[in-house]
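Computed from a predicted model, the values in this text were never measured in an experiment.
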Amino acid sequence: MKSGKRVTVSRNVLLLGIVSFLNDVSSEMIHPILPLFVIAVGGTGLIVGLIGGLQESIASIFEVLSGYWSDRLGKRKILVFGGYFTSAGFKLLLAFAVIWQHILLFTSFERVGKGVRTAPRDAIIADSMPDARGRGFGIHRAFDTLGAILGSITVLLLLYVFWNDSDPLAFYPQVILIAAVIAFVSLLPLYRVREAKRAPQELGLHISLRRLHKPLRLFITVATIFALANFTYMFFILKAMDTFAVSGHRESIALTIALYVLFNIFYALFAIPFGTLSDRIGKRYVLIGGYLLFSVTCLGFAFSESLPAFLVLFPLYGLVYAMIEGNQRAFVSDWSVKELRATALGTFRTMIGLAKLPASLIAGVLWTISPAHEFTFLFGSAVSILAVLLFLHYGKYY
């Protein structure tokens, strides 16, 4: 995009942003308490890693299938609606979980909905703002994360409404039930989303990277290695929770959720600026900076056990997501042909999603064998540096 050129934000991007805003209010009422819920019903650090990894990996399988179906049928919107509806249904079931196996089952299938909706939704966004995809994805992520802020603030307030010291376990399903209702409400704006008519594509289902241009193949390789470092967010929450365990139970949960709110605030504030910056200076430079910052942030989590340190580290973690989440998808969109864009996005999400399961399982194992859980974060830091070095090495292709 030329510097100074005014870009009109697509109506589709705004509508999908509203859907994501409401859906993330729902999701982020659940996310900060999910690892605590798992531990409360008898789960361990390894179980947390298993649940977090499966959430991403199961979603990734359906992302590539959904991307393929979207390109083959020439339709996007129906798959987006089906994905959001599926997620809402399994959030409702999660409210009735009583053992960690229930949580594993329901959260995994809830992520099926995410997998079904993500690639065709991203393709609609990419098609709606072809001259400013970084900005388009940045706007969408900002809506997404603003919903996350409201959701995490809401669960913090509900902590003081529903918490009962005589029955602390009752708090989690009460919050999740409210979140499920909001998830169903988020479906309403989808009615006004319009997709361009497109001819169905005669495609075979191939997940091989060989179908993609070499620069895109190399980037997906780099992003997959980074995904091995980027284990589930739940370990960052548990690290803070363990640090504040000396406080009263409700107070320690409240402090941990407040830090998660801080993470989301920084994510939301910087999603659009980093998307716009990537359109101007190149997405590769922003992504390298994000990978490097993640490595530094992990080092901080490895050796910090104080509130002042976490007041710095959680915002840095938010900056990492602002730099990489939307820009990775925008980078894939830039290097994919229009006819196969949803397939390329689905393949990309599949590769990094599949890497999340071993990443989170390794993190879970390291969590259990290190006294202060530092090995988990040292692992993330080291592998992230490897991704940075590879991206720099492949610079001649971009």
*Group every Ile, Leu, Val, Met, Phe, Trp and Tyr by side-chain heavy-atom contacts under 4.5 Å, then state whether L307 and F303 land in the same group.*
yes
*Find the distance between CD (Q55) and OG1 (T232) and round it off to the nearest 0.5 Å.*
6.5 Å
_Please give me the minimum heavy-atom distance between I149 and A268, naming the atom from each residue._
CD1-CB, 3.6 Å
*Gap between atom CG of L361 and atom CG of L357 - 0.5 Å precision*: 4.5 Å
_Any non-hydrogen side-chain atom of L299 less than 4.5 Å from a side-chain atom of L378?_
yes
*Audit row: S360, Y233, side-chain hydrogen bond (donor to acceptor under 3.5 Å, both in side chains) steps and yes/no*: CA-CA 9 Å; S360 295; Y233 74 96; over 6 Å; no
_Looking at Y394, I want to see if its OH is surrounded by more than 12 non-hydrogen atoms of other residues, nucleotides or ligands under 6.0 Å._
yes
*Stepwise, does the ring pair (Phe, Tyr, Trp, His ring centres under 6.0 Å) test hold for Y267 with F314?*
CA-CA 10 Å; Y267 186 1; F314 273 91; over 10 Å; no
*Under 3.5 Å, is there a donor-acceptor pair between the side chain of S186 and the main chain of L22?*
no
*Could you pull out the closest heavy-atom pair between N327 and G275, with the gap in Å?*
OD1-CA, 3.8 Å
*Rounded to the nearest 0.5 Å, how far apart are CD of E110 and OG of S27?*
5.5 Å
*Do F236 and F263 come close enough that some side-chain heavy atom pair is under 4.5 Å?*
no
*Is there a side-chain contact between P32 and T256, using heavy atoms and a 4.5 Å cut-off?*
no
_Aromatic centroids of F85 and F90 separated by under 6.0 Å_ = no
*Is the closest side-chain heavy-atom distance between L190 and L16 below 4.5 Å?*
yes
*Treat each ILVMFWY residue as a node, draw an edge where side-chain heavy atoms are under 4.5 Å apart, and state whether V320 and L392 are in one component.*
yes
*asked:* Using only atom types and a distance under 3.5 Å, with no angle test, would you say the side chain of K239 pairs donor to acceptor with the backbone of A372?
replied: yes
*Under a single-linkage definition using a 4.5 Å side-chain heavy-atom cutoff for Ile, Leu, Val, Met, Phe, Trp and Tyr, are V161 and I182 assigned to the same hydrophobic cluster?*
yes
_So V155 and I30, do their side chains get closer than 4.5 Å, heavy atoms only?_
no
*Would you confirm whether the ring centroid of F375 sits within less than 6.0 angstrom of the ring centroid of F379?*
no
*Do the ring planes of F331 and W335 sit parallel (below 30°), tilted (30 to 60°) or perpendicular (above 60°)?*
tilted
*Under 6.0 Å between ring centres, would you say that holds for F301 and F310?*
yes
_Looking at H102 and V98, would you say the former's side chain and the latter's main chain have a donor-acceptor pair under 3.5 Å?_
yes
_When you measure from the side chain of T368 to the backbone of V365, do you find a donor-acceptor pair of N or O atoms at a distance under 3.5 Å?_
yes
*Give the cluster check for L293 versus I281: same hydrophobic cluster or not, with ILVMFWY residues linked at side-chain heavy-atom distances below 4.5 Å.*
yes
*Supply the atom-to-atom distance L54 CG to K356 NZ, rounded to the nearest 0.5 angstrom.*
13.0 Å
*Determine whether M29 and I176 make a side-chain contact, defined as any pair of heavy atoms from C-beta on separated by less than 4.5 Å.*
no
_How long is the straight-line distance from CG of L386 back to OG of S381, given to the nearest 0.5 Å?_
11.5 Å
*Taking the side chain as every heavy atom from C-beta outward, state whether M234 and H31 have any pair of such atoms under 4.5 Å apart.*
no
*Minimum heavy-atom distance A229-G380, with the two atoms named*: CB-O, 3.2 Å
*Could you tell me whether the side chain of H140 and the main chain of G17 form a donor-acceptor pair under 3.5 Å?*
no
_Distance (rounded to the nearest 0.5 Å) between I237 CD1 and D242 CG_ = 12.0 Å
_Backbone of G353 reached by a side-chain donor or acceptor of S57 within 3.5 Å_ = yes
*Might you confirm whether atom OH of Y172 has over 12 heavy atoms from other residues, nucleotides or ligands at distances under 6.0 Å?*
yes
*Side-chain (S70) to main-chain (S66) donor-acceptor, under 3.5 angstrom*: no
*Give a yes or no on whether V296 and I385 share a hydrophobic cluster (residues Ile, Leu, Val, Met, Phe, Trp, Tyr; joining criterion: side-chain heavy atoms under 4.5 Å apart).*
no
*Does V116 offer a backbone N or O that forms a donor-acceptor pair with the side chain of R121 under 3.5 Å?*
no
_Flag if over 12 foreign heavy atoms under 6.0 Å of CD1, I78_ = no
*Could you label the plane-to-plane angle of the F270 and F274 rings as parallel, tilted or perpendicular, counting under 30° as parallel and over 60° as perpendicular?*
tilted
_Are Y291 and F226 an aromatic pair, judged by ring center distance below 6.0 Å?_
yes
_Least distance between heavy atoms, G290 atom then I324 atom_ = CA-CG2, 3.9 Å
*Is it true that a side-chain atom of T118 and a backbone atom of G115 form a donor plus acceptor pair closer than 3.5 Å?*
no
_Taking Q328's backbone N and O only, do any of them form a donor-acceptor pair with K283's side chain (distance below 3.5 Å, no angle check)?_
no
*Do S26 and K91 pass the side-chain hydrogen bond (donor to acceptor under 3.5 Å, both in side chains) test, and can you show the C-alpha distance, the side-chain angles, and the key distance before you say yes or no?*
CA-CA 9 Å; S26 167; K91 285 175 182 175; 3.1 Å; yes
*asked:* For a 4.5 angstrom cut-off between non-hydrogen side-chain atoms, does T86 reach F109?
replied: no
_Heavy-atom pair with the smallest gap, counting every atom of I257 and S152_ = CG2-O, 3.5 Å
*Using the six-membered ring of Y160, assess whether NZ or CZ of R250 lies under 6.0 Å from its centre and within 45 degrees of the ring axis.*
no
